[in-house]
Amino acid sequence: MTVAARPERVWDLLVDVRWWPRWGPSVRCAELDGGATRLGPGATGRVWGPAGPGAPFRVTAFEEGRRWAWEVAGVGATEHVVQALGAERCRLGFGVPWPAAPYLAVCRVAAGRIRRLAEAADAG
């Protein structure tokens with residue numbers, strides 16, 4: 001999905017766990033171990049879905065400003081990608097493991113929310 005906002009803005013929304021409930025349809029809350037708010041290589045924490053207890057997560061791949069992936073409760077989960085298309089535009093993408101292909105519908109909703117948040121922030 002193309003986003004008319006600075007790539008850095010989109011990246012910030014992806015790696016700051018305080019934003020996840022605003023754009024993630026399946027995220028009620030998230031926190032990082034140690035009290036940090038931004039992901040980094042190997043970061044660990046907990047994520048809460050719409051109901052039930054929080055599940056542990058671990059960042060399994062991290063390239064600053066470009067992409068990160070994680071596992072939740074020991075299972076490979078979503079990859080998040082930002083590709084700069086100049087200073088004021090970027091491409092946002094998600095990847096999921098093949099068995100989780102139906103989750104791409106949730107990712108589509110999340111991408112739309114991220115686009116709205118990022119474009120509104122860059123416009124104002």
Side-chain angles (χ1 to χ4, degrees):
M1 170 179 292
T2 300
V3 180
R6 293 177 293 123
E8 299 82 15
R9 173 80 66 193
V10 173
W11 181 252
D12 286 344
L13 292 170
L14 288 174
V15 299
D16 188 330
V17 298
R18 295 172 295 186
W19 282 101
W20 291 6
R22 297 277 310 271
W23 59 259
S26 60
V27 176
R28 182 169 35 113
C29 180
E31 63 183 34
L32 290 169
D33 294 337
T37 59
R38 291 179 63 84
L39 296 180
T44 59
R46 295 188 77 73
V47 62
W48 285 262
F57 72 82
R58 179 175 67 89
V59 172
T60 57
F62 191 89
E63 295 175 47
E64 180 64 44
R66 297 182 47 91
R67 80 177 195 77
W68 69 271
W70 64 339
E71 63 181 22
V72 179
V75 177
T78 327
E79 176 184 39
H80 310 72
V81 179
V82 176
Q83 178 186 12
L85 300 174
E88 302 294 325
R89 288 178 10 126
C90 64
R91 183 170 291 120
L92 168 64
F94 290 91
V96 299
W98 177 248
Y103 193 72
L104 285 171
V106 174
C107 294
R108 185 174 298 117
V109 172
R113 291 178 179 178
I114 292 168
R115 179 176 60 195
R116 284 189 293 280
L117 288 165
E119 289 176 355
D122 268 10

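Numbering starts at 1 and runs along the sequence shown.
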Where is the tightest heavy-atom contact between P25 and A110, given as atom of each residue plus distance? CD-CB, 3.9 Å
Side-chain (E71) to main-chain (R58) donor-acceptor, under 3.5 angstrom: no
Roughly how far apart are D122 CG and E8 CD, rounded to 0.5 Å? 9.0 Å
Which distance, rounded to the nearest 0.5 Å, do you find between the CZ of F62 and the CG of L39? 6.5 Å
Would you mind reporting whether L14 and I114 have side-chain heavy atoms less than 4.5 Å apart? yes
Would you compute the distance between atom CG of D12 and atom CZ of R18 and round it to the nearest 0.5 angstrom? 10.0 Å
Tell me whether V81 shares a hydrophobic cluster with L117, the cluster being built from Ile, Leu, Val, Met, Phe, Trp, Tyr side chains joined at under 4.5 Å. no
Would a single hydrophobic cluster contain both L85 and V3, if residues Ile, Leu, Val, Met, Phe, Trp and Tyr are joined by side-chain heavy-atom contacts under 4.5 Å? no
Within-4.5 Å side-chain heavy-atom neighbours: H80 and F94: yes
Closest heavy-atom pair and its distance - P97, G76: CG-O, 3.4 Å
Using the rule that two of Ile, Leu, Val, Met, Phe, Trp, Tyr join whenever any of their side-chain heavy atoms come within less than 4.5 Å, decide whether W19 and V47 are in one cluster. yes
More than 12 heavy atoms of other residues, nucleotides or ligands under 6.0 Å from CZ of R108: yes or no? no
Give a yes or no answer on whether the side chain of R89 reaches the backbone of A4 with a donor-acceptor pair at less than 3.5 Å. no
Minimal non-hydrogen separation, R113 against R22, with atom names: CD-O, 3.8 Å
Report the distance from atom CZ of R38 to atom CG of D16, rounding to the nearest 0.5 Å. 6.0 Å
Check whether any side-chain N or O of R46 sits under 3.5 Å from a backbone N or O of P53 as a donor-acceptor pair, and report yes or no. no
What are the two closest heavy atoms between V72 and A77, and how far apart are they? CG2-CB, 4.0 Å
Can you spot which of R66, R91, R67 makes a side-chain hydrogen bond (donor to acceptor under 3.5 Å, both in side chains) with Q83? R91
So which atom in C107 and which in V96 form the shortest heavy-atom distance, rounded to 0.1 Å? SG-CG1, 4.0 Å
Are any of the side-chain heavy atoms of L92 and R115 separated by less than 4.5 Å? no
Any sub-3.5 Å donor-acceptor pair from W23's side-chain atoms to L13's backbone N or O? yes
Quick one: pull up SG in C90 and CE in M1 and give me the separation to the nearest 0.5 Å. 11.0 Å
Is there a donor-acceptor contact under 3.5 Å linking the side chains of E64 and W11? yes
Looking only at heavy atoms, which two atoms of W70 and T78 are closest? And how far apart? CD1-O, 3.0 Å
Centroid-to-centroid, W20 to F57, below 6.0 Å? yes
